[in-house]
Amino acid sequence: ERMNQDRTYKINVQMNASFEQEFEAEARRLKLYFRKRRDLKTGNSTLLIYDISGQEKRLDDLNGFLKSNGDVISYEY
């Protein structure tokens with residue numbers, strides 16, 4: 001396995017009360033360490049900022065979750 005990586009994710013999502021819980025549940029399932037830094041509500045979307053660390057493959061799996069989630073407008077790290 002590759003070394004652990006630390007990433008700061010900026011995730012722009014549609015207003016959805018359940019996305020945050022789904023995202024954190026997925027991060028826990030992947031055994032990633034995360035801390036929500038802040039959330040900024042803008043219009044009808046929310047920008048979530050998380051510090052996340054873990055194995056590179058698990059972070060890539062988290063990217064797959066974000067790509068397939070219909071509430072995600074965009075994300076970057």
Side-chain angles (χ1 to χ4, degrees):
E1 274 303 314
R2 290 243 173 108
M3 299 289 289
N4 280 1
Q5 287 192 357
D6 297 322
R7 296 179 181 175
T8 297
Y9 277 77
K10 295 178 182 175
I11 309 163
N12 192 21
V13 296
Q14 298 174 30
M15 287 289 193
N16 175 348
S18 66
F19 174 80
E20 213 171 309
Q21 288 86 356
E22 293 169 21
F23 177 75
E24 291 183 4
E26 181 68 6
R28 275 192 290 276
R29 187 185 73 76
L30 293 169
K31 296 180 173 62
L32 295 168
Y33 301 98
F34 64 89
R35 182 178 69 87
K36 184 169 95 172
R37 196 185 293 179
R38 63 189 307 189
D39 56 34
L40 304 166
K41 292 175 178 32
T42 57
N44 57 359
S45 67
T46 303
L47 178 65
L48 301 168
I49 303 176
Y50 280 88
D51 292 324
I52 303 179
S53 62
Q55 293 175 352
E56 185 176 19
K57 185 197 179 317
R58 292 177 179 169
L59 289 165
D60 289 344
D61 290 344
L62 187 66
N63 291 345
F65 168 82
L66 291 170
K67 285 178 188 165
S68 67
N69 189 295
D71 291 319
V72 176
I73 298 167
S74 63
Y75 75 94
E76 64 182 68
Y77 60 86

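Keep in mind that this is a model prediction, so the values were computed, not measured.
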Peer 1: Calculate, to the nearest 0.5 Å, the distance between atoms CG and CE belonging to Asn44 and Met15 respectively.
Peer 2: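 Between Asn44 CG and Met15 CE, I get 7.0 Å after rounding to 0.5 Å.
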
Peer 1: Under the ring-ring contact (aromatic ring centres under 6.0 Å, His included) rule, collect the residues that match up with Tyr50, sequence neighbours excluded.
Peer 2: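 With sequence neighbours excluded, Tyr50 shows a ring-ring contact (aromatic ring centres under 6.0 Å, His included) to Phe23, given in chain and number order.
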
Peer 1: Report the distance from atom CZ of Arg38 to atom CG of Leu47, rounding to the nearest 0.5 Å.
Peer 2: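 So the CZ of Arg38 and the CG of Leu47 are separated by 8.5 Å.
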
Peer 1: List the atom of Arg37, the atom of Thr8, and the distance in Å for their closest heavy-atom pair.
Peer 2: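 Where Arg37 meets Thr8 most closely, the heavy atoms are NH2-OG1, 3.4 Å.
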
Peer 1: Looking at NZ of Lys10 and CD of Glu76, how far apart are the two atoms once the value is rounded to the nearest 0.5 Å?
Peer 2: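 If we round to the nearest 0.5 Å, Lys10:NZ and Glu76:CD are 5.5 Å apart.
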
Peer 1: What's the shortest heavy-atom distance between Leu59 and Gly54, and which atoms?
Peer 2: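 What the structure gives for the nearest pair is CD1-O, 3.6 Å.
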
Peer 1: Can you name the ring-ring contact (aromatic ring centres under 6.0 Å, His included) partners of Tyr33, sequence neighbours left out?
Peer 2: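 Tyr33: no ring-ring contact (aromatic ring centres under 6.0 Å, His included) contacts found.
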
Peer 1: Residues two or more places apart in sequence or in another chain: which of them pass salt bridge (Lys or Arg N to Asp or Glu O under 4.0 Å) with Glu22?
Peer 2: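 Glu22: no salt bridge (Lys or Arg N to Asp or Glu O under 4.0 Å) contacts found.
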
Peer 1: Side chains of Asn69 and Glu26: does their closest heavy-atom pair fall under 4.5 Å?
Peer 2: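 When only atoms from C-beta onward are counted, Glu26 and Asn69 do not touch, as no gap falls below 4.5 Å.
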
Peer 1: Say you draw a straight line from NZ of Lys67 to CG of Leu62; how long is it, rounded to the nearest 0.5 Å?
Peer 2: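 Lys67 atom NZ to Leu62 atom CG measures 11.0 Å (nearest 0.5 Å).
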
Peer 1: Transitively linked via ILVMFWY side-chain contacts under 4.5 Å: Tyr77 with Ile52?
Peer 2: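 Looking at the clustering, Ile52 is in the same group as Tyr77.
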
Peer 1: Any non-hydrogen side-chain atom of Phe19 less than 4.5 Å from a side-chain atom of Thr46?
Peer 2: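 Sidechains of Thr46 and Phe19: no contact.
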
Peer 1: Do Lys36 and Ile49 have side-chain heavy atoms sitting under 4.5 Å apart?
Peer 2: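 No - every pair of side-chain heavy atoms lies 4.5 Å or more apart.
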
Peer 1: Looking at side-chain heavy atoms only, is the closest gap between Ser53 and Asn4 below 4.5 Å?
Peer 2: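 The answer is no; the side chains never approach within 4.5 Å.
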
Peer 1: How about Glu56 and Arg7: do any of their side-chain heavy atoms sit closer than 4.5 Å?
Peer 2: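 Glu56 reaches Arg7 side chain to side chain.
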
Peer 1: Are Tyr75 and Leu48 packed together at the side-chain level, in the sense that at least one heavy-atom pair is separated by less than 4.5 angstrom?
Peer 2: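 Sidechains of Leu48 and Tyr75: no contact.
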
Peer 1: If you round to the nearest 0.5 Å, how far is CZ of Phe65 from CG of Leu30?
Peer 2: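 CZ of Phe65 is found 9.5 Å from CG of Leu30.
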
Peer 1: Let me confirm one number: the CD-CG distance from Glu24 to Leu32, rounded to the nearest 0.5 Å.
Peer 2: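 Output value for this atom pair is 12.0 Å.
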
